[in-house]
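Below is one structure, written out as structure tokens; the observations come after it.
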2 protein chains.
Amino acid sequence: MTKKTKIRQTGCPVAFGLDIFGDRWTLLVIREIMLRGKRTYSEFMEMEEEIATNILIDRLKALEAEGLVDKTRDPENRRSFLYALTKKGRDLAPILLEIIIWSGAHDARSFALTDVLEKIKADRDGFEHELRSERENLGDRCE
Amino acid sequence: MTKKTKIRQTGCPVAFGLDIFGDRWTLLVIREIMLRGKRTYSEFMEMEEEIATNILIDRLKALEAEGLVDKTRDPENRRSFLYALTKKGRDLAPILLEIIIWSGAHDARSFALTDVLEKIKADRDGFEHELRSERENLGDRCE
DNA sequence: AAATTAGCTTGCATTTTGCAAGGTGTAACC
DNA sequence: GGTTACACCTTGCAAAATGCAAGCTAATTT
């Protein structure tokens with residue numbers, strides 16, 4: 001993992017959050033897990049934004065180190081691992097939803113995840129609760 | 001301004017948002033304006049996290065270019081400029097609030113902005129509305 | 001036992017960040 | 001009106017992060 005980016009010990013919650021997910025890739029990995037039900041390295045590699053292998057593994061290790069994801073062996077495929085969000089990771093749901101709402105309002109070209117945006121608009125709290133629930137494979141339907 | 005970071009034309013609202021504020025500094029500048037009522041370059045330079053001058057001006061220019069802040073001459077001090085959030089910028093309020101909530105729940109050391117966190121807990125929608133309102137000097141009291 | 005799959009590691013070029021010093025256009029002071 | 005100070009930057013360079021391509025290892029399939 002690339003040298004841990006300097007932590008700003010100012011006690012500010014905004015700075016704390018940015019120290020963990022304030023970069024161009026971390027929240028995209030979270031998105032893949034939370035909204036598209038992805039769970040493995042190879043599935044993450046399939047994301048549209050073409051993340052580089054070293055960046056992906058770096059972010060996965062950082063997320064694991066911060067306690068946002070758990071990594072376990074896939075019992076059904078011993079050469080694969082399963083990455084799953086912890087509660088701390090699932091608690092990012094509202095942040096992700098607010099980003100989607102903001103971009104939905106301010107970017108005409110944000111056509112992906114429109115099903116998600118519709119769900120948010122229809123029942124924000126219900127959908128957020130769904131995302132935070134522990135069961136897996138939730139987001140498979142999101143496009 | 002440093003070469004415009006590559007835009008990911010995937011149409012994903014999460015990626016779109018990250019293209020604009022997915023770095024370690026942009027949302028801290030927004031925080032200074034929105035929660036602490038700061039308006040000038042020198043006031044931003046006073047932030048606890050010690051932003052470098054070139055990074056600050058780079059982010060201010062990017063925010064202006066993206067239409068999140070307006071830059072005007074200070075009518076009362078011709079050598080100063082005033083940076084103010086546009087509606088698009090103020091609409092980031094919920095994202096900032098959710099980050100504060102998340103860190104408040106997952107970082108014991110996030111002691112700054114506790115007054116903000118209390119306000120959010122007491123009346124989330126009211127406080128968000130207050131932040132989104134057009135009048136200035138709102139956040140002066142936040143610590 | 002050869003090929004394939006899944007998950008990485010490594011080396012190197014490019015880009016961004018961070019740090020320190022310097023420069024420019026008001027404005028205030030003597 | 002000359003010096004000083006303030007506010008806002010600019011520039012040069014080192015360090016770190018990102019991006020790209022190739023290669024490597026262990027588990028599995030053929």
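The model shown is predicted, which means the values in this text are computed figures rather than measured ones. Naming convention: chains lettered A, B, ... in sequence-line order (proteins, then strands); numbering from 1 in each chain.
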With a 4.0 Å cutoff (strictly under), does any side-chain N or O of Thr40(A) reach OP1 or OP2 of dA6(C)? no

For dC8(C), take OP1 and OP2 only and decide whether either is under 4.0 Å from a side-chain N or O of Arg79(A). no

Taking the side chain of Ser80(B) as its heavy atoms from C-beta onward, which of dA7(D), dT17(C), dG7(C) lies nearest to it? dA7(D)

With Arg31(A), which of Ile99(A), Val116(A), Leu113(A) fulfils side chain to side chain contact (heavy atoms under 4.5 Å, CB included)? Leu113(A)

Please state whether the phosphate of dC8(C), meaning OP1 or OP2, lies under 4.0 angstrom from any side-chain nitrogen or oxygen of Lys71(A). yes

Is the closest basic N to carboxylate O distance between Arg90(A) and Glu128(A) below 4.0 Å? no

Nearest to the side chain of Ile55(A), which nucleotide is it out of dT18(D), dA6(C), dC8(C)? dT18(D)

Answer with yes or no whether the side chains of Ser110(B) and Asp107(B) bring together a donor and an acceptor at under 3.5 Å. yes

note: Leu56(B), atom CG; dG18(C), atom P; distance rounded to Å ~ 12 Å

Less than 4.0 angstrom between a side-chain N/O of Trp25(A) and OP1 or OP2 of dG19(D), yes or no? yes

For Thr53(A), which contact category applies under a 4.0 Å heavy-atom criterion: base, sugar-phosphate, or nothing? base

So what does Arg59(A) hit on the nucleic acid, given a heavy-atom distance under 4.0 Å: a base, only sugar-phosphate, or nothing? sugar-phosphate

Looking at Lys61(B), I'd like to know whether one of its side-chain N or O atoms comes within less than 4.0 Å of OP1 or OP2 on dT10(D). yes

Check every strand shown and say whether Tyr83(A) touches a base, only sugar-phosphate, or nothing at a heavy-atom separation below 4.0 Å. sugar-phosphate

Before giving the answer on salt bridge (Lys or Arg N to Asp or Glu O under 4.0 Å), spell out for Glu98(A) and Arg124(A) the whole-Å C-alpha distance, their side-chain angles and the decisive distance to 0.1 Å. CA-CA 10 Å; Glu98(A) 293 297 348; Arg124(A) 148 85 205 240; 2.3 Å; yes

Output the single nucleotide from dA6(C), dG11(C), dT17(C) whose closest atom is nearest the side chain of Asn54(A). dG11(C)

So if I take every side-chain heavy atom of Tyr41(B) and compare against dT17(C), dA27(C), dC8(D), which nucleotide ends up nearest? dC8(D)

